[in-house]
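Counting begins at 1 with the first residue of the sequence. Side chains included, hydrogens not; waters and symmetry mates left out as well; all remaining heavy atoms used.
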Amino acid sequence: MITIKTDAEIACMRESGRLTKNVLDLIGREIRIGMTTKDLDRLACEYIRSCGAEPSFLGYSGYPASICASIDSMVVHGIPSDNEVIKDGQIVSVDVGVVYNGWQGDAARTFMVGNVSEEKRKLVKVTEECFFKAIENLRDGTPLGDIGYHVQSHAESNGFSVVRALVGHGIGREMHEDPSVPNYGRKGTGIRLKKGMAIAIEPMINAGVYQVDFLSDGWGVVTRDRKPSAHYENTVVITDSGVEILTL
């Protein structure tokens, strides 16, 4: 069921969104060669709890960490580890969720570490651009399919592919709510967005093929051809004239 948020509820979500953004800003300042992905996880968890909030991901369906940290060909849901050291030239996608006073925020960024190849730089840039292309004309009454159409068009026009096995989602008191928000599709299709709907839009873009493999740990998702992937996500609320980005 799709829920429409009141002004008071959106105000609560602004706070969880602000904290989510702050976590990613902190990681962006601190991430460097030689750190482990578990170092990033500890950093995020300590900050979130210092703000009187809780990490949404920790314990979610048994997930064992506060963030997802996915390097190079790992699309999403990489489990942080003390054995996974960040190396020069890698891209690291960090996805984080924060619950504050019962309301969720969810966002992701892909960080470039050290001397990153031109292909990876372009991939990260285009993935971020896909998000902003998707929200350019969103407003009350826009068909949901327009989001995926714009993401897919921009990604493919730059020689990249769009992951189809994973999608964005509604968000509110629960981290995952209706509706599902694909990053591919046809313009003018799907339900009409309504003022007060909160959704997480999250392009997941691959340098090679769009197909992915699910790892035996039950979480990690990697590109089938093991080429790099990037992820960019924000929580947004639909307004009369556009969207409000709660995690930016």
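A chain of hydrophobic side-chain contacts below 4.5 Å, direct or via other Ile, Leu, Val, Met, Phe, Trp or Tyr residues, connects Val151 to Tyr184. One hydrophobic cluster, built from ILVMFWY side chains closer than 4.5 Å, holds both Leu138 and Leu248. Linking Ile, Leu, Val, Met, Phe, Trp and Tyr whenever their side-chain heavy atoms come within less than 4.5 Å leaves Val126 and Met204 in two separate clusters. Taking hydrophobic clusters as Ile, Leu, Val, Met, Phe, Trp and Tyr residues chained together by side-chain heavy-atom distances below 4.5 Å, Tyr232 shares a cluster with Ile199.
Considering only residues two or more places apart in sequence or on other chains, Gln211 meets the side-chain hydrogen bond (donor to acceptor under 3.5 Å, both in side chains) condition with none of them. A search for side-chain contact (heavy atoms from CB on, under 4.5 Å) contacts involving Asp72 returns Gln90, Ile91, Lys120, not counting sequence neighbours. Partners of Lys5 according to the side-chain hydrogen bond (donor to acceptor under 3.5 Å, both in side chains) rule, which considers only residues two or more places apart in sequence or in another chain, are Thr3, Glu177. In this view, Thr239 and Ser241, Glu244 satisfy the side-chain contact (heavy atoms from CB on, under 4.5 Å) rule, not counting sequence neighbours. A search for side-chain hydrogen bond (donor to acceptor under 3.5 Å, both in side chains) contacts involving Glu156 returns Gln152, not counting sequence neighbours. Ile4 meets the side-chain contact (heavy atoms from CB on, under 4.5 Å) test with Lys194, Met197; sequence neighbours excluded.
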Please set out all donor-acceptor pairs under 3.5 angstrom arising from side-chain atoms of residues 221-230, sequence neighbours excluded.
from	atom 1	to	atom 2	distance (Å)
Thr223	OG1	Arg226	N	3.2
Thr223	OG1	Lys227	N	3.1
Thr223	OG1	Lys227	O	2.6
Arg224	NE	Asp213	OD1	2.9
Arg224	NH2	Val212	O	3.0
Arg224	NH2	Asp213	OD1	3.1
Asp225	OD1	Lys227	N	3.0
Asp225	OD2	Val209	N	2.9
Arg226	NH1	Asp213	OD2	3.1
Arg226	NH1	Thr223	O	2.8
Arg226	NH1	Arg224	O	3.3
Ser229	OG	Ile205	O	3.2
Ser229	OG	Asn206	OD1	2.7

Identify all side-chain donor-acceptor contacts of residues 129-136 below 3.5 Å with residues at least two apart in sequence or on another chain.
from	atom 1	to	atom 2	distance (Å)
Glu129	OE1	His154	NE2	2.8
Glu129	OE2	Lys125	NZ	2.5

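The stretch residues 58-67 participates, sequence neighbours left out, in these side chain to side chain donor-acceptor pair (under 3.5 Å) pairs: Tyr60-His176. Pairs passing the salt bridge (Lys or Arg N to Asp or Glu O under 4.0 Å) check and including a residue from residues 195-208, sequence neighbours excluded, read Lys195-Asp240. The salt bridge (Lys or Arg N to Asp or Glu O under 4.0 Å) contacts involving residues 30-42 comprise Glu30-Arg32, Lys38-Asp41, Asp39-Arg42, Arg42-Asp82, where partners must be two or more places apart or lie in separate chains.
A distance-only check finds no donor-acceptor pair linking the side chain of Thr127 to the backbone of His231 [under 3.5 Å]. Although no hydrogens or angles enter the test, the distance criterion places no donor-acceptor pair under 3.5 Å between the side chain of Thr142 and the main chain of Leu193.
Alongside Leu43, the hydrophobic cluster contains Leu19, Val23, Leu24, Leu26, Ile27, Ile31, Ile33, Met35, Leu40, Tyr47, Ile48, Ile67, Ile71, Ile86, Val92, Val94, Val96, Val98, Tyr100, Phe111, Val113 (criterion: ILVMFWY side chains under 4.5 Å).
Ionic pairing of Glu119 and Lys122 is not present here: no N-O contact between side-chain nitrogen and carboxylate oxygen is shorter than 4.0 angstrom.
A donor-acceptor pair shorter than 3.5 Å cannot be found between the side chains of Asp106 and Thr235. Side-chain atoms of Asn137 and His150 include no donor-acceptor pair closer than 3.5 Å.
Going from atom CG of Leu246 over to atom OG1 of Thr20 covers 9.5 Å, rounded to the nearest 0.5 Å. To the nearest 0.5 Å, atom CD of residue Gln104 and atom CE of residue Met13 are 8.0 Å apart.
Remark: Asp7 CG is loosely packed, at most 12 non-hydrogen atoms of other residues, nucleotides or ligands lying under 6.0 Å away. The number of heavy atoms from other shown groups lying within 6.0 Å of CZ (Arg121) is above 12.
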